[in-house]
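A short worksheet on the structure shown next.
Not measured: the values here are computed from a predicted model.
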Amino acid sequence: QFNPFGSDMMLAQLMQDMQDPEMMREAQTMMNDPAFQERMKTLTDNPNFKEHMEQTTETMKDPEKQKEMEEKMKSRVAAGQKELEDFKKKSAELEAEEKRKKENAKKKKNQKPKTSSKKKGVKKV
């Protein structure tokens, strides 16, 4: 089933964005913003976040678990790339369809109105 906001697709988009120098400059600007830094501090001070990070760090110490996580991530990125390609293709199709509809509507608007085939000025008795 097609899900335009699947987490795998978002992950794939993130991986693509990280290759874009302009996006990375924007990210750097955002990270230098004191308001952003304050939000990040609030997040990292959260006990649930800390616990999750500790669990992840512990998991990454085990080479087998690390390899397993890497494989899962690669699989998710690949699935996300497929979803992203499908999404972009569907979006392009919808945009093309919308453009055709607008062009057709414009053509219809510019056509001369059809005249009635009835004779003007003749009344039935």
Side-chain angles (χ1 to χ4, degrees):
Q1 179 168 338
F2 180 72
N3 178 359
F5 301 107
S7 61
D8 291 346
M9 186 175 83
M10 293 174 78
L11 177 63
Q13 183 66 59
L14 173 64
M15 298 304 282
Q16 284 182 12
D17 290 347
M18 289 173 64
Q19 302 304 312
D20 180 348
E22 179 62 26
M23 287 290 262
M24 295 311 295
R25 279 191 292 278
E26 287 294 321
Q28 185 65 45
T29 300
M30 181 181 70
M31 288 186 280
N32 289 334
D33 180 3
F36 176 81
Q37 292 173 358
E38 184 60 35
R39 286 192 303 272
M40 289 306 296
K41 182 168 177 14
T42 300
L43 172 71
T44 58
D45 286 346
N46 181 301
N48 291 333
F49 179 84
K50 287 182 178 183
E51 181 181 339
H52 179 74
M53 288 307 296
E54 288 170 8
Q55 289 172 350
T56 301
T57 301
E58 198 59 37
T59 299
M60 296 304 278
K61 289 179 182 177
D62 181 338
E64 288 301 313
K65 288 183 181 180
Q66 181 180 8
K67 185 175 180 178
E68 182 182 325
M69 287 179 73
E70 287 174 4
E71 291 302 317
K72 283 182 183 179
M73 187 61 70
K74 286 179 186 177
S75 175
R76 289 186 62 205
V77 169
Q81 287 171 332
K82 172 78 170 88
E83 290 175 15
L84 192 55
E85 289 170 14
D86 291 346
F87 177 76
K88 287 178 179 179
K89 182 180 176 185
K90 184 69 174 172
S91 292
E93 289 170 359
L94 291 172
E95 286 177 15
E97 178 68 23
E98 189 64 30
K99 185 178 179 181
R100 281 193 298 277
K101 286 180 181 179
K102 285 181 181 180
E103 288 172 357
N104 288 340
K106 188 176 181 180
K107 286 178 186 177
K108 286 181 182 181
K109 183 179 178 182
N110 292 334
Q111 287 179 349
K112 291 183 179 180
K114 293 183 180 179
T115 57
S116 174
S117 61
K118 294 182 182 180
K119 292 182 180 180
K120 294 182 180 177
V122 178
K123 294 183 180 178
K124 288 187 177 180
V125 184

| Contact check, side chains of Glu103 and Lys99, non-hydrogen atoms, under 4.5 Å | yes
| Gln16 side chain reached by Gln13 side chain, heavy atoms, under 4.5 Å | yes
| At their closest point, which heavy atom of Arg76 faces which heavy atom of Ser7, and how far apart are they? | NH2-OG, 3.4 Å
| Closest approach of Ala12 and Gly80, non-hydrogen atoms and distance? | CB-C, 3.4 Å
Taking [Y] as the starting point, is it possible to reach [X] by hopping between hydrophobic residues whose side chains are less than 4.5 Å apart?
X     : Y     : result
Met73 : Met60 : no
Met69 : Val77 : no
Met40 : Phe49 : yes
Met30 : Leu43 : yes

| note | Across all chains, not counting sequence neighbours, the side chain to side chain contact (heavy atoms under 4.5 Å, CB included) partners of Lys65 are Thr59, Asp62
Can you tell whether the side chains of [X] and [Y] come within less than 4.0 Å, N to carboxylate O?
X      : Y      : result
Asp86  : Lys90  : no
Glu68  : Lys72  : yes
Glu64  : Lys67  : no
Arg100 : Glu97  : yes
Glu98  : Lys101 : no

Separation of [Y] [atom2] from [X] [atom1] (nearest 0.5 Å):
X     : Y     : atom1 : atom2 : value
Leu84 : Leu11 : CG    : CG    : 10.5 Å
Gln81 : Asp8  : CD    : CG    : 10.5 Å
Thr44 : Gln37 : OG1   : CD    : 11.0 Å
Gln19 : Leu14 : CD    : CG    : 10.0 Å

| task | Could you go through the side chain to side chain contact (heavy atoms under 4.5 Å, CB included) check for Lys61 and Glu58 one step at a time? | result | CA-CA 5 Å; Lys61 289 179 182 177; Glu58 198 59 37; 3.5 Å; yes
| message | Assess the residue pair Met18 and Met24 against the criterion (side chain to side chain contact (heavy atoms under 4.5 Å, CB included)); give the C-alpha distance rounded to whole Å, side-chain angles, the decisive distance to 0.1 Å, and a yes or no. | response | CA-CA 6 Å; Met18 289 173 64; Met24 295 311 295; 4.3 Å; yes
